[in-house]
Amino acid sequence: MVMLGARTLRGRGGACRWSLARFAGVPLGLFAAARRGAIYELVMRGQRLIFAFPALLLAILMTAVFGPGAVNAIIAIGISTYRCFARVTLRRPLQLWTRDYALAARVAGKGPL
């Protein structure tokens, strides 16, 4: 019986986990790259905090706080996975905004977005 439920969770849980990580990490990384300063530091410190906790420890912590369940496990793993998307999405715009065409656009009066 337990393995039958795990099979269902494996199929939908993986898609939900990656969707949660993608839809949380990409906008957060873009926003931090566009605004820099204090927002950039806050996002980076949040990522370092999430990096400090392994995914399994975060899942155990969420289970202890919110109770057992598949949804809580998916959210915990999604939270621990979003950092990869946010970090990649954060670094690429920072590289592109140092290019000549981006500097020329900034001199012409265009904003960061």
Side-chain angles (χ1 to χ4, degrees):
M1 288 298 178
V2 174
M3 294 307 291
L4 184 63
R7 185 178 64 193
T8 305
L9 179 62
R10 186 184 68 198
R12 280 186 275 155
C16 291
R17 174 189 64 161
W18 286 110
S19 296
L20 177 68
R22 199 175 23 232
F23 291 128
V26 171
L28 189 64
L30 284 175
F31 184 69
R35 294 296 172 190
R36 297 189 201 163
I39 294 174
Y40 172 80
E41 289 295 323
L42 183 70
V43 169
M44 291 305 291
R45 291 190 193 276
Q47 287 181 3
R48 288 185 194 120
L49 181 69
I50 296 293
F51 266 121
F53 289 101
L56 183 61
L57 184 63
L58 187 62
I60 292 171
L61 180 69
M62 282 195 66
T63 302
V65 172
F66 297 115
V71 174
N72 291 337
I74 290 170
I75 291 172
I77 295 171
I79 287 172
S80 66
T81 311
Y82 95 93
R83 61 187 181 214
C84 302
F85 288 99
R87 192 169 286 263
V88 168
T89 309
L90 179 70
R91 293 296 174 201
R92 188 63 182 155
L94 291 178
Q95 290 174 353
L96 291 177
W97 285 333
T98 60
R99 300 276 175 105
D100 291 336
Y101 58 85
L103 293 174
R106 233 178 288 139
V107 167
K110 304 294 181 188
L113 298 176

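Keep in mind the model is a prediction, meaning the values are calculated, not measured.
In this structure, Arg36 CZ and Phe31 CZ are separated by 13.5 Å, a value rounded to the nearest 0.5 Å. Once rounded to the nearest 0.5 Å, the distance linking CD of Gln47 with CG of Leu42 reads 10.5 Å.
In terms of heavy atoms, Ala32 sits closest to Ile39 at CA-CG2, 4.2 Å. Nearest heavy atom pair, residue Leu30 against residue Pro93, reads CD2-CG, 3.8 Å.
Leu96 is listed as a side-chain neighbour of Tyr101, based on a closest heavy-atom distance under 4.5 Å.
Met44 and Leu94 fall within the same hydrophobic cluster, defined by Ile, Leu, Val, Met, Phe, Trp and Tyr side-chain heavy atoms under 4.5 Å apart, directly or through other members.
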